[in-house]
There are 2 protein chains.
Amino acid sequence: MPENSCLLSSMSHTPDAAGTRQAQKLRTRQALLTASLELLEQQSLSSLGLREVARAAGISPAGFYRHFADIPALGVALVEETLGSLHGVIGAVLAETGDTERRIDRSVELIARHVAEQPAHFRFLARERYGGVAPVRQAIAAQLDRFAEELTSALAADEGSRGWSGEDLRMLGGMYVDLMVMTASEFLDAEGPAALAGAGHTARRRLRLLTVGSAHWLNES
Amino acid sequence: MPENSCLLSSMSHTPDAAGTRQAQKLRTRQALLTASLELLEQQSLSSLGLREVARAAGISPAGFYRHFADIPALGVALVEETLGSLHGVIGAVLAETGDTERRIDRSVELIARHVAEQPAHFRFLARERYGGVAPVRQAIAAQLDRFAEELTSALAADEGSRGWSGEDLRMLGGMYVDLMVMTASEFLDAEGPAALAGAGHTARRRLRLLTVGSAHWLNES
DNA sequence: TGAGTCAGTGAACAATCGTACGCTGAAATT
DNA sequence: AATTTCAGCGTACGATTGTTCACTGACTCA
């Protein structure tokens with residue numbers, strides 16, 4: 001830990017340039033989220049202290065309560081921030097082209113890019129998916145269910161899944177979602193470009209295996 | 001929490017019947033493991049307190065150090081206890097019969113039974129697999145890698161995987177392991193016999209999809 | 001301009017925490 | 001029988017925790 005500095009340094013209460021009231025509040029809220037996400041790279045939410053977060057964000061412990069009632073509440077907000085902006089992206093990738101191989105490549109690239117851009121968010125996600133804080137667990141489950149649902153309806157529109165039952169489609173969508181989360185975790189664990197490429201390689205092959213399986217699903221089931 | 005009682009009550013220091021020295025030590029060690037596992041049903045390891053565990057096990061905080069140096073060290077021991085006894089079981093199930101459908105049924109039943117018999121162990125496993133305590137995470141990863149390896153060599157001996165590359169076999173083994181962990185988590189989340197049966201149903205179908213995929217893997221890859 | 005709102009402060013609180021010390025007494029060893 | 005070993009205890013330490021309270025002062029709005 002090089003610096004436990006005040007992340008707000010030059011923006012707190014100084015009557016600087018920008019800052020309507022609520023804009024400033026949002027900025028501190030964001031500072032809390034950012035600071036906690038940084039702290040969460042080395043520990044899990046259930047051991048994260050309220051004071052610890054406030055300190056890292058540069059506000060007093062009591063100030064925390066102006067934004068969140070709890071550490072769990074902050075966790076739920078983090079879930080929102082991590083996954084909220086990703087809805088609709090999957091459908092776009094699937095709709096892009098019909099070529100299966102290219103679709104797989106695009107999907108893996110998409111995950112790799114997002115993970116590389118905001119690793120801490122996905123680390124948090126993987127860590128808390130089955131973590132010790134119930135509200136956060138539920139929030140993540142709800143978001144992932146939404147993803148599975150979106151993926152399911154995107155798959156239903158595809159010609160490759162004609163004749164599939166809704167139940168089977170849901171299962172397939174769920175598997176894709178789980179595969180994505182697992183792939184994201186492996187990208188996170190991968191250190192160095194070689195390991196990263198390897199992770200992408202096996203991720204593609206896993207998706208391909210699923211694709212092959214679903215292509216023959218109706219004939220053998 | 002109905003009772004925070006002393007789990008050792010009648011066995012600590014009383015010159016009762018049984019108990020060579022090391023046997024008694026093992027017994028308190030086991031009490032520590034059992035107590036912590038119980039506490040871990042509602043929280044994760046990184047927020048588990050040393051004093052909390054000692055209190056639940058009925059010994060003094062200082063006594064904890066006679067058995068473990070850390071809470072992380074206790075976590076590693078829990079990993080050992082959870083997965084150590086399961087090695088070899090997978091190979092036995094796979095070797096039992098050649099019929100794919102029956103094999104899938106046996107596997108899912110195996111998981112369901114183990115999860116039902118010791119739910120807390122598997123809850124702990126799922127929670128800490130990507131949890132905040134590095135040594136525990138590594139211990140789990142090492143154990144699961146061993147499982148994947150065992151599964152891989154079991155698959156290699158199977159006639160269905162003739163012509164597969166070692167790399168592909170490892171991927172498939174890894175997917176089966178991940179699927180097992182996921183299935184275990186779903187069994188844990190399932191409340192009531194209906195949800196439990198449903199989890200088993202989708203677990204079987206997921207395995208079947210993987211089987212269908214691997215049956216056509218060589219032709220389409 | 002004047003009154004009201006409210007994000008953030010600082011002090012104080014009772015708890016809990018991890019760790020260290022020396023001690024005890026039963027079991028093990030000689 | 002004398003000696004050593006060592007699992008567990010009791011106490012104490014400083015540090016940190018979550019939460020509350022009355023406060024301040026810059027913004028907002030009439």
Side-chain angles (χ1 to χ4, degrees), chain A residues 1 4 6-33 35-36 39 43-75 77 132-133 135, chain B residues 1 4 6-33 35-36 39 43-75 77 132-133 135:
Chain A
M1 282 139 224
N4 58 349
C6 167
L7 294 177
L8 295 176
S9 53
S10 69
M11 78 197 207
S12 161
H13 266 203
T14 52
D16 269 338
T20 64
R21 183 102 127 195
Q22 56 182 347
Q24 168 61 17
K25 179 169 186 184
L26 275 181
R27 220 176 289 127
T28 338
R29 190 188 131 104
Q30 192 56 47
L32 281 169
L33 292 176
S36 57
L39 291 168
Q43 58 185 315
S44 47
L45 191 68
S46 66
S47 72
L48 189 66
L50 183 151
R51 296 183 97 107
E52 197 181 356
V53 176
R55 195 184 315 132
I59 67 172
S60 72
F64 179 92
Y65 291 102
R66 303 285 177 192
H67 301 274
F68 304 102
D70 271 327
I71 283 289
L74 177 139
V133 185
Chain B
M1 282 137 226
N4 58 349
C6 169
L7 294 177
L8 294 175
S9 53
S10 69
M11 81 200 205
S12 160
H13 264 204
T14 51
D16 269 339
T20 64
R21 184 103 125 192
Q22 56 182 345
Q24 168 62 16
K25 180 169 186 184
L26 276 181
R27 219 177 288 128
T28 32
R29 189 189 132 105
Q30 191 57 46
L32 281 169
L33 292 175
S36 58
L39 291 168
Q43 59 187 314
S44 48
L45 191 70
S46 65
S47 71
L48 189 66
L50 182 151
R51 297 181 96 106
E52 198 181 355
V53 177
R55 194 185 314 131
I59 67 171
S60 74
F64 179 92
Y65 292 102
R66 302 284 178 193
H67 301 273
F68 304 104
D70 272 324
I71 284 290
L74 177 139
V133 185

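Throughout, a chain's letter reflects where its sequence line sits, starting with A, and its residues are numbered from 1. Below, each value reflects all heavy atoms present in this structure, side chains not excepted, and no hydrogens, waters or symmetry copies.
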Report summary line: From the candidates D:dG8, C:dG10, D:dT19, the one with an atom nearest any side-chain atom of B:Q24 is D:dG8

Query raised in the report: Measuring from B:L50:CG to B:F68:CZ, what's the distance to the nearest 0.5 Å?
Result: 11.0 Å

Query raised in the report: To the nearest Å, how far apart are B:D70 CG and C:dC17 C1'?
Result: 14 Å

Requested in this report: Indicate whether OP1 or OP2 belonging to D:dT17 is found under 4.0 Å from a side-chain N or O atom of A:R55.
Outcome: yes

Requested in this report: Could you state the atom-to-atom distance from CG of A:L26 to C1' of D:dC27 in whole Å?
Outcome: 15 Å

Requested in this report: Name every residue in residues 43-51 of chain B that has at least one heavy atom under 4.0 Å from any atom of DNA chain C, in order of residue number, or write none if there are no such residues.
Outcome: B:G49, B:L50, B:R51

Query raised in the report: OP1 or OP2 of D:dG8 sitting under 4.0 Å from any side-chain N/O of B:T28?
Result: yes

Report task. Identify, between B:Q22 and A:H67, the residue whose nearest nucleotide on DNA chain C lies closer to the 5' end. Result -> A:H67

Query raised in the report: Could you state the CG-C1' distance from A:L32 to C:dA7, rounded to the nearest angstrom?
Result: 12 Å

Query raised in the report: Atom CD1 of B:I59 to atom P of D:dG10: distance rounded to whole Å?
Result: 12 Å

Query - Gap separating the CD1 atom of A:I71 from the CZ atom of A:R51, nearest 0.5 angstrom - result: 12.0 Å

Heteroatom pairs (N/O) under 3.5 angstrom, protein to nucleotides 3-6 of chain C:
from  : atom 1 : to    : atom 2 : distance (Å)
C:dT5 : O2     : A:R21 : NH2    : 2.4
C:dC6 : O4'    : A:R21 : NH2    : 2.6

Query raised in the report: Got a second to check how far A:S36's OG is from A:L74's CG, nearest 0.5 Å?
Result: 4.5 Å

Query raised in the report: Looking only at heavy atoms, what is the nearest atom pair of A:A54 and A:P61, with distance?
Result: CB-CA, 3.9 Å

Query raised in the report: Expressed in angstrom and rounded to an integer, what is the separation of A:E52 atom CD from D:dT17 atom P?
Result: 6 Å

Query raised in the report: Between B:Y65 and C:dA20, is there a side-chain N or O to OP1/OP2 distance below 4.0 Å?
Result: no

Query raised in the report: Between B:L45 and B:V133, what is the shortest heavy-atom contact and its length?
Result: CD2-CG2, 4.0 Å

**Report entry** Minimum heavy-atom distance B:E52-B:S47, with the two atoms named
**Finding:** OE1-O, 4.1 Å

Report task. List the steps and the verdict of side-chain contact (heavy atoms from CB on, under 4.5 Å) for A:L32 and A:I59. Result -> CA-CA 9 Å; A:L32 281 169; A:I59 67 172; 4.0 Å; yes

Report summary line: Side-chain contact check for B:A62: nearest option of D:dG18, D:dC21, D:dG10 is D:dG10

Query raised in the report: Passes side-chain hydrogen bond (donor to acceptor under 3.5 Å, both in side chains), B:R27 versus B:Q30? Steps please.
Result: CA-CA 5 Å; B:R27 219 177 288 128; B:Q30 191 57 46; over 6 Å; no

Report summary line: From CZ of A:F64 across to P of D:dG18 the rounded distance in Å is 9 Å

Query raised in the report: With side chains defined as the heavy atoms from C-beta onward, is the minimum distance between B:K25 and B:H67 less than 4.5 Å?
Result: yes

